[in-house]
2 protein chains.
Amino acid sequence: MRTIPNARFWTRYDEVVINDLHGAVAARLKGVGQRYTTGREVLIRALAEAPRPLTAAELVAAEPRLSQSTTYRNLALLEQAGVVRTVTGTDEYTRFELAEELTGRHHHHLVCLSCGTVEDFDAPRRVEQGLADAIARLSSGTGFRAEGHRLDVLGTCAACAG
Amino acid sequence: MRTIPNARFWTRYDEVVINDLHGAVAARLKGVGQRYTTGREVLIRALAEAPRPLTAAELVAAEPRLSQSTTYRNLALLEQAGVVRTVTGTDEYTRFELAEELTGRHHHHLVCLSCGTVEDFDAPRRVEQGLADAIARLSSGTGFRAEGHRLDVLGTCAACAG
DNA sequence: ATTTATGCAAATCGTTTGCAAACCT
DNA sequence: AGGTTTGCAAACGATTTGCATAAAT
């Protein structure tokens with residue numbers, strides 16, 4: 001999954017968003033007393049260009065400049081800084097994507113039960129509204145303080161369905 | 001199939017459901033050419049009595065009769081037989097619960113971002129209906145064949161909130 | 001110059017597996 | 001008996017970490 005000539009195919013976020021993105025990442029890192037190094041920028045760029053959450057191995061494979069240990073270290077750091085979010089599929093790999101607070105795009109995931117890949121998808125506004133309402137009401141009953149939700153649709157991806 | 005002295009505190013499913021449960025598990029195992037051994041029954045009982053998904057370590061700790069390797073082996077086997085389902089929280093442990101097909105109780109999870117524990121909760125019918133509709137419509141668009149969904153509410157549990 | 005980040009290789013730890021003994025039918 | 005299941009201990013593999021070097025301020 002290297003950088004492809006025709007980048008537009010892979011790009012999830014337009015130029016403006018991307019430009020803001022690096023500034024926002026730098027700001028968040030500075031807020032936690034961390035630098036926005038070249039290696040970290042490479043990582044963020046790879047995540048921003050991917051059409052779906054990626055595993056650490058995919059990131060390393062996509063960007064020869066990234067070493068395994070530093071990739072894991074920076075992913076953990078970026079997660080703590082609120083820049084990156086981890087995504088769990090059905091296989092043994094942790095996947096990573098940009099935090100919604102940065103992209104401004106709330107979305108959910110299609111998880112393939114066969115191969116484990118995770119694709120993005122958007123739920124209808126009506127569904128999101130219903131979820132938000134239910135979750136808001138939830139807190140009062142259980143003592144659980146809700147901060148967000150994740151909705152995964154499990155099934156078989158187009159590639160595996162054949 | 002005896003009843004445990006103070007079972008009520010922990011029991012999620014009433015006697016009738018539990019009794020059917022063991023028969024259903026046995027049937028499913030037989031369907032995959034496997035036996036319903038004593039050890040597997042202990043495992044199922046522990047899962048049925050727990051008020052939330054448990055980790056393998058919790059299961060072993062709860063039941064001295066269970067050895068670690070057999071527990072993992074049987075959990076994997078029971079999952080393949082459609083008896084057990086794995087649940088992913090935010091920590092490094094895989095959790096296990098009875099499959100909804102067996103319990104007949106569709107539910108979702110409250111995942112604590114602080115300590116990682118997972119509690120069960122039921123979404124309002126209206127939300128479930130909205131999800132079902134959205135997912136049904138989804139398949140046509142993407143080539144992804146949906147088979148189910150999982151909805152987790154992320155936040156802070158009562159214990160961690162203090 | 002001093003602090004922070006990186007890469008390599010070794011360590012970690014939840015989970016899996018090989019093998020001999022115990023179990024079921 | 002003949003095949004399956006179990007428990008122990010060793011192996012596995014994704015992720016983490018120690019340490020010496022490179023980069024950033």
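Order of the sequence lines sets the chain letters (A, B, ...), proteins ahead of strands, with each chain counted from 1. Everything numeric here is computed off the predicted structure, so don't read it as measured data.
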Exercise. Got a second to check how far Leu102(B)'s CG is from Arg28(B)'s CZ, nearest 0.5 Å?
Worked result: 5.0 Å
For this session: Could you grab the distance from atom NE2 of His108(A) to atom CD of Glu128(A), nearest 0.5 Å is fine?
Result: 3.5 Å
Problem set entry | Length of the line joining Leu78(B):CG and dT5(D):C1', which is rounded to integer Å | 13 Å
Exercise. Mind checking whether Tyr36(B) and Leu21(B) sit in one hydrophobic cluster, side chains of I, L, V, M, F, W, Y counted as touching below 4.5 Å?
Worked result: yes
Exercise. Once you build an axis from the first five pairs and another from the last five of the helix from dA1(C)-dT25(D) to dT25(C)-dA1(D), how far apart in angle are they, to 10 degrees?
Worked result: 30°
Exercise. Applying the side chain to side chain contact (heavy atoms under 4.5 Å, CB included) test to Arg52(B), which of His109(B), Glu58(B), Glu97(B) qualifies?
Worked result: Glu58(B)
For this session: Kindly work out whether a path of hydrophobic side-chain contacts (I/L/V/M/F/W/Y, heavy atoms less than 4.5 Å apart) joins Leu77(B) to Val25(B).
Result: yes
For this session: Please state how far atom CG in Asp91(B) lies from atom C1' in dA14(D), giving the value in whole angstrom units.
Result: 16 Å
Exercise. Among residues 26-36 of chain A, which residues get a heavy atom nearer than 4.0 Å to DNA chain D?
Worked result: Arg35(A)
Exercise. Distance from Leu75(B) atom CG to Thr86(B) atom OG1, nearest 0.5 Å?
Worked result: 10.0 Å
Problem set entry | Atom pair CG (Leu110(B)) and CG (Leu151(B)), whose distance is rounded to the nearest 0.5 Å | 9.5 Å
Problem set entry | Between Glu119(A) and His107(A): side-chain donor-acceptor atoms closer than 3.5 Å | no
Problem set entry | Below 4.0 Å: OP1/OP2 of dT6(C) and any side-chain N or O of Asn74(A) | yes
Exercise. In terms of ring plane angle, is the pair His149(B) and His106(B) parallel, tilted or perpendicular, where the classes change at 30° and 60°?
Worked result: perpendicular
For this session: For each nucleotide in nucleotides 14-19 of chain C, reading 5' to 3', give B when a protein heavy atom comes within less than 4.0 Å of its base, S when such contact involves only the sugar-phosphate, and - otherwise.
Result: SBBBBB
Exercise. What is the distance, rounded to the nearest whole Å, between atom CG of Leu59(A) and atom P of dT15(D)?
Worked result: 11 Å
Exercise. Can you tell me how far the CD1 atom of Ile44(A) sits from the CG atom of Leu78(A), to the nearest 0.5 Å?
Worked result: 4.5 Å
Exercise. To the nearest angstrom, how far is Glu63(A) atom CD from dG7(C) atom C1'?
Worked result: 16 Å
Exercise. Going from CD on Glu63(A) to CG on Leu54(A), what distance comes out if it is rounded to the nearest 0.5 angstrom?
Worked result: 11.0 Å
